[in-house]
S.K.: 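My structure is below; once you've seen it, I'll send some questions.
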Amino acid sequence: LAGIDLTRFDAHHFGIEVNFVQAAGGSVAISGNSSLFGLIYYTDAAYETQLALGGSPDRPVAAAPGDYDFKVLTLKVLLENSAVKTFESKLQVTLNRWFSDQVVGVVDPSGTSLDLPSNSIILDGAYEEHDGQSTFTFSSNAERLFRLNSNVLGVAEAVQAQFTTLTDQGGSSGNLVRSRFTFTGYLNFMPAKDFDFFSFGSDWLNDQPGMQQGLYFSNLYLDLEFPLDTPTIRTFTFDPNYIAFNIDRSRSRAASFYPNFPLKLVGMIRGGSDKGPIKLGYLPVSIEAPFRGLRGEWTALLVQLDLGTVGALADNAGMRAVLIGAWSPGSGGTPDTYDAAIGLKLPGTGGGEAKLLSLQGILSLAVDDIQLLLGKTQDNRPAFMLKMTQIGLKFLGIKFPPSGNTVFFLFGDPNPDAPQNSLGWYAAYNKDKKALLEQPSQVDGPLLTATQPADRSEEHTSELQSHHD
């Protein structure tokens, strides 16, 4: 009802087949049950005009203003013998925002606009009966590439859509009908200048998104609610809280961050300006890229970094850090910059900006600065490293070592045939704090050669090690 123009919604005809009435023994009786027959025939006015002009039945019509819209384009139901004989229907769902990013238009794989009347998907209805149970299904397998007004998430591609009615809840204000659109597809991220953190997507050569490129997702919901007695009062909710990702069906760029660092994608979160990543316990991470921070609401990918174990001192056996890559809608308003930020949540840390790792609640590991660096291996392949500086143990407010400077690097195995969860580390301590801090933070040459401290008094290195969950 929420997508139907009720001024045009009428039954074409409706009738009741009455059985013979028989009189016997002074009483009147009807043998058997009467049956119903009828025809419901509804077509949206704009859709009817489009078809009359020779338009394709799979071409959407103009949508109502707003971020989301829903229309019933056709509904044709033939009833015979009190049962559905034939059923035919088409629905249209319009999405003008994905993850709060405005849709610029629907495009083809080359990035050319399809010039459609609305940013919509057409779903076909079907009727089935199994074991006496009637079911109506609406689905679409037509691919739609929604070009977004963002230089982070460039395209949201829907390859499948489904529509279901969830519940009909009684209440004091009338019945509340809840329906849901479920989408499956790809999130095609654009490569960021100087540091490709978001990784998943096409190469975007000549600004072409391609098709079925990026991070494969499912269980992305658009919920619709309306009171049964006033179906024109509709509420839409874009809900990514249950989104699921499939790495095996995803595509990441070869020189990007994700395939070259021991990471595991674990999910997605969203937040507003009142609760940024720092308040959720993520420490700021600096990178050599024009990420200028978040503005207002934001969406983020979460990736897990397995640090192995540190023995009985750790609060939990598994040392797993989480990296967050967040972006705000409309990123790219300022040329060559990104409304994005990177954060790191260390195991044992709480909220705020305290860069402390708790060990048994007595000792804490303090970290002063965290950076993500991009260098090159000796054979010119990308080498990503996580750098933490001025690390020290704190006990009752006393730091060990009390002076000097420490640097700690984490990096993936540069061997292209190594498992992705291979992790290496490099650490150095220098009593002369000033000398080490004056070393350049950017890795310009082969792996590690530009970051080794001068006149170091202590140095510890390890061979590349593999850690498995």
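Just so it is clear, the structure is predicted and the values come from calculations on it, not from any experiment. Numbers here simply count residues along the sequence, with the first being 1.
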S.K.: Which of parallel (below 30°), tilted (30 to 60°) and perpendicular (above 60°) describes Trp98 and Phe238?
M.R.: perpendicular
S.K.: What I'd like to find out is whether the side chain of Leu91 reaches to under 4.5 Å of the side chain of Ile122, using heavy atoms alone.
M.R.: no
S.K.: Quick check: do Leu145 and Asn188 have side-chain heavy atoms less than 4.5 Å from each other?
M.R.: no
S.K.: If you define the side chain from C-beta out and look only at heavy atoms, does anything of Pro209 sit under 4.5 Å from Glu157?
M.R.: no
S.K.: Here's a test for you: under side chain to side chain contact (heavy atoms under 4.5 Å, CB included), which of Ile121, Val93, Val159 qualifies with Ser140?
M.R.: Ile121
S.K.: Using modelled atom types and a 3.5 Å cut-off, is there a donor and acceptor pairing between side-chain atoms of Asp101 and backbone atoms of Gly330?
M.R.: yes
S.K.: Backbone N or O of Thr74 within a donor-acceptor pair of the Ser89 side chain at under 3.5 Å?
M.R.: yes
S.K.: Out of Tyr258, Phe189, Tyr186, which one pairs with Phe200 under the ring-ring contact (aromatic ring centres under 6.0 Å, His included) rule?
M.R.: Tyr258
S.K.: Look up atom CD in Gln102 and atom CG in Asp67, then write down how far apart they are to the nearest 0.5 Å.
M.R.: 6.5 Å
S.K.: Could you check whether any side-chain heavy atom of Arg270 comes within less than 4.5 Å of a side-chain heavy atom of Ser100, counting everything from C-beta outward?
M.R.: yes
S.K.: Does the Thr165 side chain pair with the main chain of Ser179, one donor and one acceptor, at a distance under 3.5 Å?
M.R.: no
S.K.: Between the side chains of Asp274 and Lys279, is the shortest nitrogen-to-carboxylate-oxygen separation below 4.0 Å, so that they form an ion pair?
M.R.: no
S.K.: Quick one: closest heavy-atom pair of Leu374 and Pro382, and the distance?
M.R.: CD1-CB, 4.0 Å
S.K.: Between Ala64 and Asp69, which heavy-atom pair has the shortest distance, and what is it?
M.R.: N-OD2, 3.1 Å
S.K.: Applying the ring-ring contact (aromatic ring centres under 6.0 Å, His included) criterion to Phe384, which one of Phe195, Phe411, Phe261 satisfies it?
M.R.: Phe195
S.K.: Go through the side-chain N and O atoms of Asp239 and Thr237 and say whether any donor and acceptor fall under 3.5 Å apart.
M.R.: no
S.K.: Can you see which heavy atom on Ser331 is nearest to which on Thr337, and at what distance?
M.R.: OG-O, 4.4 Å
S.K.: To the nearest 0.5 Å, how far apart are CG in Asp44 and CG in Leu75?
M.R.: 12.0 Å
S.K.: Do Phe70 and Phe181 make the cut of ring centroids closer than 6.0 angstrom?
M.R.: yes
S.K.: So, using salt bridge (charged side-chain N to carboxylate O under 4.0 Å, His left out) as the criterion, who are the partners of Asp196 when residues are at least two apart?
M.R.: Arg253
S.K.: Measure the CG-OG1 distance between Leu153 and Thr299 for me, rounded to the nearest 0.5 Å.
M.R.: 8.5 Å
S.K.: Kindly indicate whether the side chain of Met268, heavy atoms from C-beta on, has any atom under 4.5 Å from the side chain of Leu302.
M.R.: no
S.K.: For the residue pair Gln92 and Ala63, what are the closest heavy atoms and their distance?
M.R.: NE2-CB, 4.4 Å
S.K.: Sub-3.5 Å donor-acceptor pair from the side chain of Asn260 to the main-chain atoms of Ser256, do we have one?
M.R.: yes
S.K.: So, do Leu176 and Glu225 sit near enough that their side-chain heavy atoms are less than 4.5 Å apart?
M.R.: yes
S.K.: Taking all heavy atoms of Ala254 and all of Pro259, pick out the closest pair and write down the distance.
M.R.: O-CG, 4.0 Å
S.K.: Any heavy-atom pair between the side chains of Arg144 and Leu116 that's under 4.5 Å?
M.R.: yes
S.K.: Taking the six-membered ring where the residue is Trp, are the ring centres of Phe257 and Phe197 under 6.0 Å apart?
M.R.: yes
S.K.: Work out which heavy atom in Arg59 is nearest to a heavy atom in Asp115; give both atom names and the distance.
M.R.: NH2-O, 3.4 Å
S.K.: In plain terms, say whether Asp58 and Lys90 are close enough for a salt bridge, that is, a side-chain N and a carboxylate O under 4.0 Å apart.
M.R.: yes
S.K.: Roughly how far apart are Leu263 CG and Ser199 OG, rounded to 0.5 Å?
M.R.: 8.0 Å
S.K.: Using a 3.5 Å cut-off and no angle test, enumerate the donor-acceptor pairs between side-chain atoms of residues 211-221 and protein atoms at least two apart in sequence or in another chain.
M.R.:
from	atom 1	to	atom 2	distance (Å)
Gln212	NE2	Glu143	OE2	2.8
Gln213	NE2	Met211	O	3.4
Tyr216	OH	Arg249	NH1	3.2

S.K.: Identify whether NZ of Lys or CZ of Arg in Lys345 sits under 6.0 Å from the centre of the six-membered ring of Tyr282 and within 45° of that ring's axis.
M.R.: yes
S.K.: May I have the step-by-step check of side chain to side chain contact (heavy atoms under 4.5 Å, CB included) for Met388 and Asp369, ending in yes or no?
M.R.: CA-CA 6 Å; Met388 293 182 281; Asp369 187 53; over 6 Å; no
S.K.: Please confirm whether the backbone N or O of Ala45 pairs with a side-chain atom of Thr49, one donor and one acceptor, at under 3.5 Å?
M.R.: yes
S.K.: Hey, does Tyr338 have a side-chain heavy atom less than 4.5 Å from the side chain of Pro290?
M.R.: yes
S.K.: The test is side chain to side chain contact (heavy atoms under 4.5 Å, CB included); show your working for Leu410 and Leu305 and say whether it passes.
M.R.: CA-CA 10 Å; Leu410 287 173; Leu305 173 62; 4.2 Å; yes
S.K.: List the residues meeting ring-ring contact (aromatic ring centres under 6.0 Å, His included) with Phe138, not counting sequence neighbours, and say none if there are none.
M.R.: Phe163
S.K.: Quick one: CG on Asn96 to CG on Asn119, what's the gap to the nearest 0.5 Å?
M.R.: 5.0 Å
S.K.: What distance separates Ile243 CD1 from Thr182 OG1, expressed to the nearest 0.5 Å?
M.R.: 11.5 Å
S.K.: Go through it in stages, so that I can follow the logic: the residues are Asn151 and Lys193, the test is side chain to side chain contact (heavy atoms under 4.5 Å, CB included), and I'd like the CA-CA distance, side-chain angles, deciding distance and then a yes or no.
M.R.: CA-CA 10 Å; Asn151 63 354; Lys193 181 182 179 181; over 6 Å; no
S.K.: Any sub-3.5 Å donor-acceptor pair from Arg295's side-chain atoms to Pro329's backbone N or O?
M.R.: yes
S.K.: Could you check Leu224 against Tyr68 for side chain to side chain contact (heavy atoms under 4.5 Å, CB included), going step by step and ending with a plain yes or no?
M.R.: CA-CA 10 Å; Leu224 166 63; Tyr68 308 101; over 6 Å; no
S.K.: Keeping Asp203 on the side-chain end and Leu205 on the backbone end, is there a donor-acceptor pair under 3.5 Å?
M.R.: no
